Number of protein chains: 2
Amino acid sequence: MYSGGVDAAERLIESTRVLLWERGYVGTSPKAIQAHAGVGQGSMYHHFAGKAALAHAAIARTAAELRAAADAQLGADGPVLARIEAYLRRERDVLRGCPVGRLTQDPDVMADAALRGPVEQTFTWLRARLGALLAEGVAAGELTGLDPPATAATIVAVLQGGYVLARAAGSTEAFTQAVDGLLALLTAHAAPRG
Amino acid sequence: MYSGGVDAAERLIESTRVLLWERGYVGTSPKAIQAHAGVGQGSMYHHFAGKAALAHAAIARTAAELRAAADAQLGADGPVLARIEAYLRRERDVLRGCPVGRLTQDPDVMADAALRGPVEQTFTWLRARLGALLAEGVAAGELTGLDPPATAATIVAVLQGGYVLARAAGSTEAFTQAVDGLLALLTAHAAPRG
DNA sequence: GTCTATAACAGGATAGAC
DNA sequence: GTCTATCCTGTTATAGAC
């Protein structure tokens, strides 16, 4: 049961974010959201048209937060590879998985254009952001011999797949190994300093 | 509605495999399985104790098939990197995602030790298999300067994450890019031929 | 082995009272 | 705005007939 001195609509959105992350769209019922938010049936349907509308608000917010969080590391100062490493190694709730990536497995989310939109845009944006950063590194002579768009996709895939491995193993170690392996491969393309 | 001249139990397992892949455990009802298999309610509960028992049979089979399929490429003849490339580039139902990896997002699967077991074992096995192969390549002088266990985790993560990116984008292109990017990085560690 | 009936409960929402 | 009542359907079985 959640409440933080905020109104019902806000509590409903935050509760939906938590439950969507934990159990997915198909596995989350309006009743469970109401219970978690400490909000009654009537109140929920007063503020939102239904489960889908509430999920849309929750997903849009989660997607926006993910982009902002990524930009914090990727848009920092310093060498390109250091920024990418900071992004890859920043603290994460590894065993909970990616709150956006997991929606990709939810058939009812992918079937609904409004729900799917933020998911698609998040990954499109992230790949482009990393691709631009890598291109910047190549242009500056910091990195050599790699294709920015393909490498960007590889980096995002390692993160998303790292979550899968960690959850399968029940341990964050697999995630860390995947990231370590990637960074070792990337470092080989760093131009000798000078 | 599925049927292939086989008995009800067999049709039920195959239908469960399809639906689990498509909609996950939470999103798959006994009724949907029965309809897909063309098998009645009573028949299903005669052959299986319930949804979980049926899912267990389906998941175990899917996991076994995945391991066998991976071994087909990874255990072939030829240079290590070529075998890994063959594995990464073999034909896949990219937009459907990984039938084992997707279960990782299913709370009810991860909460049940019997259902989770095959998922965990599959990824443990796959990482070990790739790690051993990479170690073989290092020992043979085909590959240099990479850590087998970490690199193995990276490779599996790229595949799993590649599925996520492809589903998010609604296109296989993202998967292909992630794999291309990975292979480019790995190739830099191939010893000059000789 | 398979069928139909029944059941207890959850999912997702509407209606109208307060 | 929020509450309670109500509704119809789906979920996940069990029971017993055939």
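Letters A, B, ... mirror the listed sequences (proteins, then strands); counts begin at 1. Since the model is a prediction, treat every value here as computed from it, not as a measurement.
For Gln160(A) and Gln160(B), the side-chain atoms include no donor-acceptor pair closer than 3.5 Å. Of the N and O atoms on the side chains of Arg23(A) and Thr28(A), not one donor lies less than 3.5 Å from an acceptor on the other residue.
Phe48(B) has its CZ atom 15 Å from the P atom of dT14(D), to the nearest Å. At whole-Å resolution of the value, CD in Gln34(B) and P in dT11(D) are 10 Å apart. Between Asp108(A) atom CG and dG11(C) atom P there is a gap of 14 Å when expressed in whole angstrom units. Whole-Å rounding puts the Tyr25(A) OH to dG12(C) C1' distance at 10 Å. Atom C1' of nucleotide dG1(D) and atom CZ of Arg11(A) are separated by 12 Å, given to the nearest angstrom. His46(A) has its NE2 atom 15 Å from the C1' atom of dG16(C), to the nearest Å. Taking atom CG of Leu19(B) as the reference point, atom C1' of dT12(D) lies 16 Å away to the nearest angstrom. The interatomic distance linking Met44(A) (CE) with dT2(D) (P) rounds to 13 Å, in whole Å.
The side chain of Lys31(A) places no N or O atom within less than 4.0 Å of a non-bridging phosphate oxygen (OP1 or OP2) of dA10(C). Contact check, His47(A) against dT2(D): a side-chain N or O comes under 4.0 Å of OP1 or OP2.
Comparing dA13(C), dT2(D), dA5(C) by their closest approach to the side chain of Gln41(B) singles out dA5(C). Distance from the side chain of Tyr45(B) is smallest to dT14(D) among dG12(C), dT14(D), dT2(D). The nucleotide whose nearest atom lies closest to any side-chain atom of Lys51(A) is, among dT2(C), dG12(C), dC3(D), dG12(C). Distance from the side chain of Ser29(B) is smallest to dT12(D) among dT12(D), dT14(C), dG1(C).
Residue Gly40(A) is classed as a sugar-phosphate contact, given heavy-atom separations below 4.0 Å to backbone atoms only.
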**Asked** Do Tyr163(B) and Arg92(B) pass the side chain to side chain contact (heavy atoms under 4.5 Å, CB included) test, and can you show the C-alpha distance, the side-chain angles, and the key distance before you say yes or no?
**Response** CA-CA 10 Å; Tyr163(B) 287 124; Arg92(B) 289 165 190 275; 3.1 Å; yes
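The cationic group of Arg96(A) lies under 6.0 Å from the six-membered ring centre of Trp21(A) and within 45° of the ring axis, placing it in a cation-pi geometry. The side-chain tip of Lys51(B) does not point at the ring of Tyr45(B) from less than 6.0 angstrom away and within 45° of straight on.
Both Val26(A) and Gly42(A) lie close to DNA chain C; mapped to their nearest nucleotides by heavy-atom distance, the more 5′-ward contact belongs to Val26(A).
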